[in-house]
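Owing to the predicted nature of the structure, the values given are computational and were not obtained by experimental measurement.
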Amino acid sequence: MPGPSPDELTVAAVLRQFFAAVSFRAGGTPEYERLYDLFTAEGRLIRSTTDVPQDLSINQFVLDRRRLYTNGELTAFKEAELTSHTDIFGRVAHRLSAYEKQGVLNGVEFTGRGVISTQFIHHPTGWKISSMAWDDERPGLIIPG
């Protein structure tokens with residue numbers, strides 16, 4: 001069975017860069033500005049963890065996260081991919097990933113897992129994220145297997 005293609009490896013690397021940019025240790029500094037290089041100019045991030053999804057542009061997402069960090073609300077955060085499956089057709093790609101996260105929000109430690117669906121398009125400069133949508137596990141919604 002052949003291994004991942006060069007494009008699959010690149011898509012995986014872009015998503016790892018996303019997780020690295022939003023992750024930081026207590027006392028550390030997140031690298032939210034790096035996200036602008038990973039997304040298309042009109043990239044979307046959609047949090048589907050509530051009844052009404054929160055649909056943010058890349059700029060809105062960075063501003064929101066930076067505010068949480070600057071105000072001292074979010075003092076640590078780590079997110080990492082657990083498993084994934086990537087499909088690529090020409091200049092479009094989709095990666096479905098299970099993830100885990102942990103952090104400290106308003107002085108309270110939290111952990112969680114969920115699934116993130118990330119869409120990519122191939123630009124002249126390489127693969128970019130065009131959108132991502134995610135949902136977290138909760139009672140009655142558990143990542144299978």
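- A single hydrophobic cluster is not seen to contain both Leu9 and Ile129; linkage of ILVMFWY side chains at heavy-atom distances under 4.5 Å, directly or through other members, places them apart.
- Across all non-hydrogen atoms, the minimal contact from Gly28 to Tyr69 is O-OH, 3.1 Å.
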Going through the distances and angles, do Ile121 and Arg91 end up as a side-chain contact (heavy atoms from CB on, under 4.5 Å)?
CA-CA 6 Å; Ile121 60 170; Arg91 294 185 177 107; 6.0 Å; no

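- The nearest pair of heavy atoms linking Glu79 to Val22 is OE1-CG2, 4.0 Å.
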Run Phe39 and Leu45 through side-chain contact (heavy atoms from CB on, under 4.5 Å) and show every step you take.
CA-CA 10 Å; Phe39 280 78; Leu45 295 98; 3.8 Å; yes

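- With a 6.0 Å radius and a threshold of 12 heavy atoms from other residues, nucleotides or ligands, Lys101 has its NZ atom above the threshold.
- Taking 4.0 Å as the cut-off between side-chain N and carboxylate O, Asp55 and Arg44 count as a salt-bridged pair.
- A pairwise comparison of heavy atoms in Asp135 and Thr49 identifies OD1-CA, 3.4 Å as the closest pair.
- Nearest heavy atoms, Ile143 versus Gly114: CD1-O, 3.3 Å.
- In this pair, Phe110 and Phe77 present their aromatic rings tilted. The plane angle is within the 30 to 60° band.
- The aromatic rings of Tyr99 and Phe19 sit tilted relative to each other, their planes meeting at an angle between 30° and 60°.
- For Glu109, the CD atom sits in a loose shell: 12 or fewer heavy atoms of surrounding residues, nucleotides or ligands are nearer than 6.0 Å.
- Nearest approach of Leu35 to Ile58, heavy atoms of both residues: CB-CD1, 3.8 Å.
- With hydrogens and angles disregarded, a donor-acceptor distance shorter than 3.5 Å links the side chain of Ser130 to the backbone of Gln119.
- By the rule that hydrophobic residues join a cluster once side-chain heavy atoms approach within less than 4.5 Å of another member, Leu74 and Leu63 end up as members of separate clusters.
- Taking each heavy atom of Gly90 and Trp127 in turn, the nearest pair found is O-CH2, 3.8 Å.
- With respect to Arg113 and Glu100, no salt bridge is recorded, no charged nitrogen being found less than 4.0 Å from a carboxylate O.
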Evaluation steps, side chain to side chain donor-acceptor pair (under 3.5 Å), between Ser117 and His94:
CA-CA 7 Å; Ser117 171; His94 173 255; 2.8 Å; yes

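- There is a path of hydrophobic side-chain contacts, each under 4.5 Å, that joins Val62 to Met132.
- How far NE2 of His123 is from OG1 of Thr40: 5.5 Å, rounded to the nearest 0.5 Å.
- Checked by atom type, the side-chain pair Gln102/Thr111 shows no donor-acceptor distance below 3.5 Å.
- Each of Arg67, Arg65, Arg66 was compared with Glu73 under the salt bridge (charged side-chain N to carboxylate O under 4.0 Å, His left out) criterion, and only Arg67 meets it.
- Counting only N and O atoms by type, the side chains of Arg95 and Thr118 include no donor and acceptor under 3.5 Å apart.
- Phe18 and Val11 fall within a single hydrophobic cluster, where Ile, Leu, Val, Met, Phe, Trp and Tyr are joined by side-chain heavy atoms under 4.5 Å apart, directly or via other members.
- Following chains of ILVMFWY side-chain contacts shorter than 4.5 Å, one cannot reach Leu96 starting from Val92, and the two form parts of different hydrophobic clusters.
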Check the pair Leu38 / Lys128 against side-chain contact (heavy atoms from CB on, under 4.5 Å), numbers first and verdict last.
CA-CA 5 Å; Leu38 304 178; Lys128 301 275 187 177; over 6 Å; no

